[in-house]
Amino acid sequence: MSKILIIEDEAAIRRVLTKILSEENDTYQVEEAEDGVAGLEKIKNNDYDLVLCDIKMPKMDGVEVLEAVKKIKPEIPMVMISGHGDMETAINTMRLGAFDYISKPPDLNRLLNTVRNALDKKQLVVENKILKKKVSKNYEMIGESDAINHIKVMIEKVAQTEARVLITGPNGTGKELVAHQLHEKSERANFPLIEVNCAAIPSELIESELFGHVKGAFTSAVKDRAGKFEAADKGTIFLDEIGDMSLSAQAKVLRALQESMITRVGADKDIKVDVRVVAATNKDLKVEIAEGRFREDLYHRLAVILIKVPALNDRRDDIPMLISHFADKIATEQGNAVKKFSAAAINLLKEYDWTGNIRELRNVVERLIILGGSEISENDVKLFASK
């Protein structure tokens, strides 16, 4: 059922709109409010999929209702109803976030098309929220060890700030999970998180990848192209394995951090960007600085907050939770029943030397689920999880 509220001070128009919508679709549940104050009270206490709101009303006009709704329930599409002389006001409501406006007396086809489009938009917003929750679960941090709880506390403290964060730790420990959590809990969560694996991009292409290029900047530059920093505007850019970045690219990243400006390769025009930078590395950057491979001034710009992600061998108490998490996830992906791990199997896995960290554990759990029995036994671990 789509729940629709009509806020209109003229009873005759309310009745007409209610009749049109009710007869058009029996899944429309239509409610009425006789003025802006009553309408806003209903919106506060109920969940509506769409609001049709008159502009000229006593007590509280439609513009005031729109502004209030956008503060408390911004996801509700608002369609404004305007009289002939209210067109300038009606257009202004679009700037304030109204979905559309309809003139009085309402054209039947225009009204119904607008209602359908507005409800489709609301459904899309709901689906996007569900999808975002699913994506968030993919980056959930599993574990209750002291080390992981410390990281979770750090994320809660830091996420709402604009502070740059440098995440360190061995390969396969889940540094990208920290970056995603920092972004999703920040004020920038509604804007992009752009990930760049600096180790996977050839050194001669890293500057073009980060800052973009103009046509003709190099042989294969056949058209202008925006870089990752522009794509991340108002959001977050995650520079993974930043210790592998070339010194020339480091100099440009430093400028981007200092001046909030980037320049495309081959261009002389500066582009202003508003980006929060989160970086990660598996290297000891102080050693890299001493050996001339990493800029010390860039390190101090990036490392306002340092978060160290521990190796799996340093958080063995989390292994049972991680095994259960991966077993559930793999079963869902493969469409199979969840396989249980015996206590003896889990204890044996806790004793392993996990040099590949969580990434290795996940691979081993998947292998055991595929090759092991209906319950993963200690013997299965000895047969199929050998190092």
With a 4.5 Å cut-off on side-chain heavy atoms, are [Y] and [X] touching?
{"X": "Lys350", "Y": "Pro320", "value": "yes"}
{"X": "Leu50", "Y": "Leu5", "value": "no"}
{"X": "Arg301", "Y": "Leu254", "value": "yes"}
{"X": "Glu207", "Y": "Ser248", "value": "yes"}
{"X": "Glu8", "Y": "Glu32", "value": "no"}

State, without any angle test, whether [X] and [Y] hold a side-chain donor-acceptor pair at a distance under 3.5 Å.
{"X": "Asn113", "Y": "Arg116", "value": "yes"}
{"X": "Asn25", "Y": "Thr27", "value": "yes"}
{"X": "Tyr352", "Y": "Glu360", "value": "no"}

Margin query: With salt bridge (charged side-chain N to carboxylate O under 4.0 Å, His left out) as the rule and sequence neighbours excluded, what pairs involving residues 278-296 come up?
Written below: Asp244-Lys283, Glu288-Arg293, Glu291-Arg293, Arg295-Asp297
Check: What is the distance from atom CG of Asn357 to atom CZ of Arg315, rounded to the nearest 0.5 Å?
Finding: 9.0 Å
Next item on the list: Would you confirm whether Asp61, through its side chain, and Met57, through its main-chain N or O, come within 3.5 Å as a donor-acceptor pair?
Entry: no
If you compare all heavy atoms of [X] against all heavy atoms of [Y], which two are closest, and at what distance to 0.1 Å?
{"X": "Leu349", "Y": "Ala385", "value": "CD2-CB, 4.3 Å"}
{"X": "Arg316", "Y": "Trp354", "value": "NH1-CD1, 4.2 Å"}
{"X": "His213", "Y": "Ser208", "value": "ND1-OG, 2.7 Å"}
{"X": "Asn149", "Y": "Gly143", "value": "OD1-O, 4.2 Å"}

Check: Can you tell me if CG on Asn45 sees more than 12 non-hydrogen neighbours from other groups inside 6.0 Å?
Finding: yes
Next item on the list: Please indicate whether Lys19 has more than 12 foreign heavy atoms, meaning atoms of other residues, nucleotides or ligands, lying under 6.0 Å from its NZ.
Entry: no
Checklist line | Test side-chain contact (heavy atoms from CB on, under 4.5 Å) applied to Lys121 - qualifying residues, sequence neighbours left out | finding: Phe99
Next item on the list: If a pair satisfies side-chain hydrogen bond (donor to acceptor under 3.5 Å, both in side chains) and one of its residues is in residues 167-177, list it, with sequence neighbours excluded.
Entry: Asn171-Asn282
Next item on the list: Verify the ring-centre separation between Phe211 and Phe229: is it less than 6.0 angstrom?
Entry: yes
